[in-house]
Amino acid sequence: QHPAIVTLYRASEPDGSGFAWYAMEHIENAIDLGNWLESHVDAKTGNSAAPLDQIFQFLEDAAAALREIHGRQIIHRDIKLSNFLVCPTADGPRLKLLDFGIARLPESELTAAVQMMGTPGYISPERARAYIADERYVFGPGDDLHALGVVAYRLITGHKPYSAADDFGLLHAVCTQQPRDVLELRRLRIPHMYDLFWRKPPPLVERRLRFELSERVTAGGTVLEPL
């Protein structure tokens, strides 16, 4: 159990048909983070108008969830807006991570195949390159952290960092496109927020979107200190 992760009660092993199931807690009046963001997007510009303090709280919750599962050698593999729930609490809205349906567990042999895992707009460049080359790939914490960078970018700007006509084009875009500068999409006039996220050395969100895994932060817990 963890406050930023939906509680899982029971799970099954795959049956003869290859299916498995798990049972998790039900949370009243929760909405997924994608729907929450849609309700905070400016209709004219498409830019995010979500309160920055709420965004940073959500990112802190998400980072805490990744630190917890990575500490248990679990890789989620499908971090995206719709896999976080915005849950009402006495202290205001907070995030919970859910949907471990394609998570990679310690010693698992169910997840090493070439087939696409995750959502194209969120997968890491190294995963995209492996898929394009039809190579087997072993997921790691860096994959979840790249996806968290995409989540952060979308919450702050309201836009997707990569664009293409189809999923295969999106895989190439993940490897080659530089996302538009956050400051172009959301004009921030809060000096300490500018210092924290966008002054050199490279900004927090940009560090999550690094093209090379060696340049990306490799532990979810490291997100918490700058937040």
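As the structure is a computational prediction, the values presented were derived from the model and not from experiment. Throughout, residue positions are numbered sequentially from 1 according to the sequence presented.
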Pairwise distance [atom1]([X]) to [atom2]([Y]) - rounded to 0.5 angstrom:
X      : Y      : atom1 : atom2 : result
Leu85  : Asn29  : CG    : CG    : 11.5 Å
Ile79  : Leu148 : CD1   : CG    : 7.5 Å
Phe84  : Leu97  : CZ    : CG    : 5.0 Å
Leu171 : Tyr162 : CG    : OH    : 11.5 Å
Glu38  : Leu81  : CD    : CG    : 9.0 Å
Gln57  : Asp91  : CD    : CG    : 9.0 Å

Are [X] and [Y] packed together at the side-chain level, in the sense that at least one heavy-atom pair is separated by less than 4.5 angstrom?
X      : Y      : result
Val174 : Pro120 : no
Asp32  : Val86  : no
Val6   : Ile27  : yes
Ile123 : Leu170 : no
Pro141 : Leu66  : no
Val150 : Lys80  : no

Quiz question: by atom type and distance under 3.5 Å, do the side chains of [X] and [Y] form a donor-acceptor pair?
X      : Y      : value
Tyr122 : Asp144 : no
Asp143 : Ser124 : yes
Asn47  : Thr157 : no

Backbone of [Y] reached by a side-chain donor or acceptor of [X] within 3.5 Å:
X     : Y     : answer
Lys96 : Pro3  : yes
Glu25 : Thr7  : yes
Ser12 : Trp21 : yes
Gln54 : Gly92 : no
Ser82 : Gly34 : no

*Please step through side chain to side chain contact (heavy atoms under 4.5 Å, CB included) for the pair Gln177 and Ser163, ending with a clear verdict.*
CA-CA 9 Å; Gln177 284 185 11; Ser163 60; 4.1 Å; yes
*Mind running side chain to side chain contact (heavy atoms under 4.5 Å, CB included) on Ser48 and Ile156 for me, showing each step along the way?*
CA-CA 6 Å; Ser48 172; Ile156 294 169; over 6 Å; no
For [X] against [Y], the heavy-atom pair lying closest together:
X      : Y      : value
Cys175 : Pro125 : SG-O, 3.6 Å
Leu95  : Ala62  : CD1-CB, 4.4 Å
Thr45  : Asp42  : N-OD1, 3.0 Å

*Are the ring centres of Phe58 and Trp36 closer than 6.0 Å?*
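That pair passes the under 6.0 Å test.
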*Answer yes or no: are there more than 12 heavy-atom neighbours, outside Tyr9 itself, under 6.0 Å from its atom OH?*
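Enclosed: over 12 neighbouring heavy atoms sit under 6.0 Å from OH of Tyr9.
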*Show the numbers, then the answer: is there a side chain to side chain contact (heavy atoms under 4.5 Å, CB included) between Ile69 and His76?*
CA-CA 8 Å; Ile69 66 172; His76 188 279; 3.9 Å; yes
_Any residue meeting salt bridge (Lys or Arg N to Asp or Glu O under 4.0 Å) with Arg154, in chain and number order, not counting sequence neighbours_ =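 Not a single residue meets the salt bridge (Lys or Arg N to Asp or Glu O under 4.0 Å) criterion with Arg154.
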*Take Phe139 and Arg127, measure what side chain to side chain contact (heavy atoms under 4.5 Å, CB included) needs, and give me the verdict at the end.*
CA-CA 8 Å; Phe139 287 79; Arg127 174 65 187 111; 3.3 Å; yes
